**Q** 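Okay, handing you the structure first.
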Number of protein chains: 2
Amino acid sequence: MQDAALALPPPSPAPSPVRAALADADFAPVLDSAPAPDLEELVRQLPLLRRRLKPRQYLFRAGQPRHALYLIHAGFFKTSVGSADGREKITGFRMRGDLLGIDALDMPTHACDAIALDVGEVWELPVGRMQALLPDFQQRLTALLAGEIRRDWGWMLALGTLSADQRVIAFLLDFAARLERMGFSARCLLLRMTRAELGNFLALQLETVTRALSRLQARGLIEVARREIRIADAAGLRAAMAGDQ
Amino acid sequence: MQDAALALPPPSPAPSPVRAALADADFAPVLDSAPAPDLEELVRQLPLLRRRLKPRQYLFRAGQPRHALYLIHAGFFKTSVGSADGREKITGFRMRGDLLGIDALDMPTHACDAIALDVGEVWELPVGRMQALLPDFQQRLTALLAGEIRRDWGWMLALGTLSADQRVIAFLLDFAARLERMGFSARCLLLRMTRAELGNFLALQLETVTRALSRLQARGLIEVARREIRIADAAGLRAAMAGDQ
DNA sequence: CGCAATGTTGAGAGGCCTCAATCAATGTGG
DNA sequence: CCACATTGATTGAGGCCTCTCAACATTGCG
């Protein structure tokens, strides 16, 4: 659901059984038969520790002891992994409703860095107590983990098969779809990350991101003003991502 | 643990708290305090359905109903995802001990294709019954899911920051490490996949893979004979991946 | 044995990277 | 309140790595 923008058309009436299984949206009707409420809705009453963060502040770092999971209540975050020789890769941009720290559920310490991109608030979920309070908490964790895997695979597919312009489009469409799910406008995006961070995530140099945005603007598909991006022609973007360069 | 080769040196005594948290090996001592037996060991007695596959045969395809999980008992497999417009990406090469299908645990249908690279045998694990039989089955699933996420992140980092030669080295070292864990030689690799499949996984063209292998051979680091690869200088490979080009 | 699939190597082109300069926005201190 | 430094974004020029297209060798199989 989160990456609906990545897997374009609906399941094709194609040769092999089914394709494009990455689009969780295809299965939404099935899953929604039991109207599952938000995790945030469920834990609203609980006396959770709430933590506020300033821009650029670390929520946690790889290697630090893992005390709990963190449900994002407000703000935007990035998660990243690093290698010993200094290389670094942003693994995702996270927003309200996302759960941070699940990737290290089986470890005593965190496996990635989590950094606030602006002011943010997270709710601390103690895993042990949660399982007692919410009977299906483990199920939810499993679903979130599996969903993260599919999301990662979707981006691996995108980064491995799309050109620079197409990757930027894929990001814009995905970001717009996620904002829309949160009730914001899907037309007017306010990027919370720098060009360098966007390039890191998309496996591009920051100059290439800038140039791609300029090209898309020149084609009349978007309007760029620093970190504010208006989507002028969503259909055109989708076509440009699937069709030609 | 599976990708020890990806995250090179041990945690650095560096500026920020800790780095290189991707190396599960760092945590092995902690986790091994409770000597966890293989999943295969645990289910050996159970009356599981065993399925044999021929080379190039699909175990399952994206979109097909998910009946169970599949524990690889013999052979090598690849998993891949596809987009509606025909792009495809191999998400991993799987071998004995790996569990196939967990990425769709929260869905009624599979989220990827699983294809045997040679003759193979899988054991069918019915999720529902497993949870009754093995009290910590859910825990194991969680660990496997989280491990897959970290593994994916490790490769996203590699593909996003390494050159063609370095990516090939990363693959060879990872493959060797996994074979060694299974009791095979870490010096003599028999690749089960074509150059095209390897290139797809590493986000390279097949010719680039061939050229990279040739260059590594010319530098005396490996010996290539079609799909048989002898690692002549493991330390040199590691240095070439971290250090220079 | 001949065909198909796979792997290797070469030549050329192109997309992205690297290096560099410029500009805008922000905030800091005198 | 403004000079100044800092950060981030944009654009240009040139080079290199990888891709593309092609030919050829090798292996395996019907």
Side-chain angles (χ1 to χ4, degrees), chain A residues 54-56 78 87 89-90 115 117-119 158-172 189-219 222-230 240-241 244-245, chain B residues 54-56 78 87 89-90 115 117-119 158-172 189-219 222-230 240-241 244-245:
Chain A
K54 290 173 295 193
R56 299 288 137 187
K78 67 172 177 179
R87 291 174 292 119
K89 178 75 163 59
I90 293 173
I115 301 149
L117 292 178
D118 53 8
V119 286
L159 303 192
T161 59
L162 298 181
S163 70
D165 286 22
Q166 288 174 311
R167 291 183 214 179
V168 171
I169 295 176
F171 171 81
L172 292 176
L189 312 182
L190 178 56
L191 303 187
R192 303 321 219 276
M193 69 292 298
T194 67
R195 298 286 191 266
E197 288 168 328
L198 196 41
N200 181 294
F201 178 67
L202 295 176
L204 298 170
Q205 293 306 110
L206 68 94
E207 297 95 330
T208 305
V209 174
T210 289
R211 274 186 253 268
L213 288 172
S214 298
R215 279 190 293 264
L216 296 179
Q217 185 172 34
R219 292 164 67 180
I222 61 175
E223 291 169 29
V224 184
R226 260 179 103 66
R227 294 200 187 170
E228 292 165 36
I229 295 188
R230 281 206 350 101
M241 190 175 114
D244 67 324
Q245 61 134 351
Chain B
K54 290 173 296 195
R56 298 288 137 189
K78 68 171 177 180
R87 292 173 291 121
K89 178 74 162 58
I90 294 173
I115 300 149
L117 293 179
D118 51 11
V119 286
L159 303 191
T161 59
L162 297 182
S163 70
D165 287 21
Q166 289 175 310
R167 290 183 214 181
V168 172
I169 295 176
F171 171 81
L172 292 176
L189 312 182
L190 178 57
L191 303 187
R192 304 320 219 277
M193 68 293 296
T194 67
R195 298 287 191 266
E197 289 169 327
L198 196 41
N200 181 293
F201 178 66
L202 295 176
L204 297 171
Q205 294 306 111
L206 68 93
E207 299 94 330
T208 306
V209 174
T210 287
R211 274 186 252 269
L213 288 172
S214 299
R215 279 190 292 264
L216 297 179
Q217 185 173 33
R219 291 164 68 179
I222 62 176
E223 291 168 29
V224 184
R226 259 180 107 67
R227 294 200 187 172
E228 292 164 38
I229 294 187
R230 280 204 353 97
M241 190 176 114
D244 67 324
Q245 63 132 356

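These figures come from a predicted structure and were not determined experimentally. All chains are named by letter (A, B, ...) in the order of the sequence lines, taking the proteins before the strands, and each is independently numbered beginning at 1.
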**Q** Taking only the side-chain heavy atoms of A/Leu204 (C-beta and beyond), determine which of C/dC16, C/dT18, C/dT8 contains the nearest atom.
**A** C/dC16
**Q** When you measure from the side-chain N and O atoms of A/Thr208 to the phosphate of C/dC16, is any distance below 4.0 Å, counting only OP1 and OP2?
**A** no
**Q** Heavy atoms from C-beta onward define the side chain here; which of C/dC16, C/dG7, C/dT8 lies closest to that of B/Arg226?
**A** C/dG7
**Q** Whole Å only: how far is the CZ atom of A/Arg195 from the P atom of D/dT11?
**A** 10 Å
**Q** For residues A/Gln205 and A/Thr208, is any side-chain donor paired with an opposing acceptor at under 3.5 Å?
**A** no
**Q** Got a donor-acceptor contact below 3.5 angstrom from the B/Arg167 side chain to the B/Ala203 backbone?
**A** yes
**Q** Given B/Asp118, which of B/Arg227, B/Arg192, B/Lys78 fulfils the salt bridge (Lys or Arg N to Asp or Glu O under 4.0 Å) condition?
**A** B/Arg192
**Q** Please state whether the base of C/dC19 and the side chain of A/Gln205 form at least one donor-acceptor pair under 3.5 Å?
**A** no
**Q** For a quick test of reading the model: is some side-chain N or O of A/Thr210 closer than 4.0 Å to OP1 or OP2 of D/dT11?
**A** no
**Q** Tell me if the side-chain of B/Arg211 makes a donor-acceptor pair with the base of C/dG7, cut-off 3.5 Å, by modelled atom types.
**A** no
**Q** Would you indicate, yes or no, if C/dT8 has its OP1 or OP2 atom less than 4.0 angstrom from a side-chain nitrogen or oxygen of B/Ser214?
**A** no
**Q** For D/dA9, does OP1 or OP2 lie under 4.0 Å from any side-chain N or O of A/Arg227?
**A** yes
**Q** Looking for any heavy atom pair under 4.0 Å, which part of the strands does B/Leu206 touch: base, sugar-phosphate only, or nothing?
**A** base
**Q** Rounding to an integer number of Å, can you tell me how far A/Arg192 CZ sits from D/dT7 P?
**A** 22 Å
**Q** Rounded to the Å, how far apart are A/Leu191 CG and D/dA9 C1'?
**A** 12 Å
**Q** Please report the distance, rounded to the nearest Å, between CZ in A/Arg56 and P in D/dT6.
**A** 18 Å
**Q** Look at all strands and tell whether B/Val209 reaches a base, only sugar-phosphate, or nothing, counting heavy atoms closer than 4.0 Å.
**A** nothing
**Q** Using a strict threshold of under 4.0 Å (side-chain N to carboxylate O), is an ion pair present between A/Glu197 and A/Arg56?
**A** yes
**Q** Could you tell me the separation between the CG atom of A/Leu202 and the C1' atom of C/dG15, rounded to a whole number of Å?
**A** 16 Å
**Q** Is there a donor-acceptor contact under 3.5 Å from the side chain of B/Gln166 to the main chain of B/Ser163?
**A** yes
**Q** By the 4.0 Å heavy-atom rule, please label A/Thr194 as base, sugar-phosphate, or nothing.
**A** sugar-phosphate
